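If you're wondering where the values come from, they're calculated on a predicted model, not measured in any experiment. Throughout, a chain's letter reflects where its sequence line sits, starting with A, and its residues are numbered from 1.
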2 protein chains.
Amino acid sequence: MAKTSVTKAGDQPKPYHHGNLVGALISATVELIEEHGVEQLSVREVAKRAGVSPGAPFRHFRSKTALLTAVAEQAMDRLTEAVARAVSDVDSTDPAAAFEAIGQGYLEWAMANPTHFQIISSRTLIDFEASSSLRDQNGAIREKMVELLARAQHQGRLAPDVDLDHLVLAARAYVYGLARMAIDGHFPEWHPSEPPAIAVRRALRLFMSQMIVPPRCDLRKPKKSS
Amino acid sequence: MAKTSVTKAGDQPKPYHHGNLVGALISATVELIEEHGVEQLSVREVAKRAGVSPGAPFRHFRSKTALLTAVAEQAMDRLTEAVARAVSDVDSTDPAAAFEAIGQGYLEWAMANPTHFQIISSRTLIDFEASSSLRDQNGAIREKMVELLARAQHQGRLAPDVDLDHLVLAARAYVYGLARMAIDGHFPEWHPSEPPAIAVRRALRLFMSQMIVPPRCDLRKPKKSS
DNA sequence: CTACGGTGTAATCAGTGATTACATGCAAGA
DNA sequence: TCTTGCATGTAATCACTGATTACACCGTAG
């Protein structure tokens with residue numbers, strides 16, 4: 001615990017070996033992106049914040065992209081965990097509820113961690129294909145979605161002839177679009193009294209009620225469910 | 001027409017004044033982004049391709065961001081035109097069809113011009129707020145969507161208590177998500193026999209049939225409509 | 001013909017990602 | 001304990017970037 005560093009100059013004689021440079025670099029990267037945006041990020045600034053020379057990061061990450069990919073992996077771990085937690089909070093016998101929980105968890109996390117989400121979802125800043133961790137976790141969520149829809153379909157809550165892959169694609173695109181629009185600032189003109197988070201949450205519910213489990217034939221009946 | 005340039009060295013004595021540097025710079029920018037991606041873009045390369053010195057572009061665009069914003073404005077003009085053309089091709093008395101046409105036109109254009117779309121939709125590469133052209137055209141499309149939904153609602157094809165802004169947001173997020181996922185390479189693992197364009201097109205139709213004009217109460221009846 | 005103003009050039013700046021040769025100090029083996 | 005090995009960090013350096021400045025060029029209005 002004596003090595004989390006903070007580079008308090010003048011305090012310690014600045015041990016030559018940092019102790020945990022990799023972790024410090026990743027943290028510093030996230031901080032700097034949150035402060036000045038990902039476009040402004042420079043490895044030199046990351047090194048400076050970690051209290052280390054400009055070339056030091058390249059001992060651990062062969063390129064800036066590799067550094068950002070490491071950040072993305074850490075972020076993906078947290079996203080996966082957040083989604084899993086959201087799913088575990090709902091009735092496990094209700095696949096549609098679990099399906100919605102995935103979307104909810106995903107959106108909540110993305111909006112609470114815009115920096116991390118931005119890095120994960122970019123395919124130009126990071127080397128997605130090179131990271132089996134990223135690919136695997138991404139694929140796992142998709143498979144989980146298909147599985148849940150299959151269960152819903154088996155319970156008769158979905159038409160038997162609906163292509164699950166198509167529906168999963170639609171759901172992914174919807175959630176992805178909502179998250180990116182919110183983070184990219186595409187609807188700053190929304191009702192001032194209503195933060196994007198609420199609009200996004202309601203949009204997800206709208207999608208679920210229409211696409212996954214059609215609740216009733218006509219929309220005219222206002223529904224005052226919980 | 002004698003000035004479209006191409007910097008044929010040795011041909012002409014290289015007229016000191018380019019003639020239409022602004023246009024040439026924008027074209028060169030688009031070309032270079034298509035070749036090496038937007039991350040790799042440098043103003044120097046743009047200048048070189050336009051056959052001009054590295055500092056010349058800054059006489060017309062005060063910054064790299066300003067150059068990209070100009071590209072975005074050109075792109076938005078074309079997108080608006082493409083959407084308008086798509087709308088004009090459908091029955092003008094059918095607001096739902098026009099609504100779908102907007103989405104179709106948007107998606108088709110985005111997938112045919114990924115570079116332009118990428119620049120338009122980014123809020124970090126360009127200065128969106130500073131360009132009234134971008135803001136106006138963006139807002140015009142949204143207003144058109146609301147208007148069409150209002151007409152559909154008036155025709156009884158939508159529940160009278162549905163919040164049109166919410167529905168428009170949902171539709172925008174869906175289309176935006178589809179376009180970005182396709183362009184950002186988020187589903188390269190799709191059926192190899194089925195290019196993303198087709199998957200995206202069908203996804204849009206799925207959305208329309210479920211969200212805008214609920215065709216029937218239960219999904220079980222396979223529908224072989226046109 | 002001349003002065004002027006818009007256009008492009010050349011030189012230059014600080015800052016960037018990346019590489020290299022070189023210091024440093026921890027830890028294992030004698 | 002000494003010393004050797006090696007991972008870790010440093011310093012110097014490279015080519016390149018966005019951006020600025022002073023200056024050269026040239027079509028044109030007077």
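- In this structure, NZ of A:Lys48 is placed 17 Å from C1' of D:dG9, rounded to the nearest angstrom.
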Audit row: A:Glu129, A:Arg123, salt bridge (Lys or Arg N to Asp or Glu O under 4.0 Å) steps and yes/no: CA-CA 9 Å; A:Glu129 295 303 321; A:Arg123 292 290 186 273; 5.5 Å; no
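- There is a side-chain donor-acceptor pair under 3.5 Å between A:Thr124 and B:Glu39.
- Every residue two or more places apart in sequence or in another chain that forms a side chain to side chain donor-acceptor pair (under 3.5 Å) with A:Thr80 is listed here: A:Gln137.
- Overall, the helix from C:dC1-D:dG30 to C:dA30-D:dT1 carries an axis bend of 10° between its ends, with five pairs at each end and the value rounded to 10°.
- Remark: side-chain polar atoms of A:Asp184 are not paired, donor with acceptor, to backbone N or O of A:His186 under 3.5 angstrom.
- Residues that satisfy the salt bridge (charged side-chain N to carboxylate O under 4.0 Å, His left out) test with A:Glu34, not counting sequence neighbours, are absent from this structure.
- OP1 or OP2 of D:dG9 lies within a sub-4.0 Å distance of a side-chain N or O belonging to A:His60.
- Counting to the nearest Å, the P atom of C:dT7 and the CG atom of B:Leu21 are 10 Å from each other.
- The separation between A:Leu25 atom CG and D:dG9 atom P is 8 Å, rounded to whole Å.
- B:Thr69 places a side-chain N or O within donor-acceptor distance of the main-chain N or O of B:Asp127, the cut-off being under 3.5 Å.
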Side-chain donor-acceptor contacts of residues 53-67 of chain A below 3.5 Å, not counting sequence neighbours, with atom names and distances?
residue	atom	partner	partner atom	Å
A:Ser63	OG	A:Thr65	N	3.4
A:Ser63	OG	A:Ala66	N	3.1
A:Lys64	NZ	A:Leu41	O	2.8

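- Atom-to-atom, CZ of B:Phe61 to P of C:dG8 comes out at 11 Å; the value is rounded to the nearest Å.
- Regarding A:Asn20, its CG atom lies at a distance of 11 Å from the P atom of D:dT8, rounded to whole Å.
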Protein-to-nucleotide contact annotation, 5' to 3' order, nucleotides 11-23 of chain D [B base; S sugar-phosphate only; - none; under 4.0 Å, heavy atom]: --B---BBBB-B-
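- Annotation: ring pair (Phe, Tyr, Trp, His ring centres under 6.0 Å) contacts of A:Phe117 (sequence neighbours excluded): A:Tyr106.
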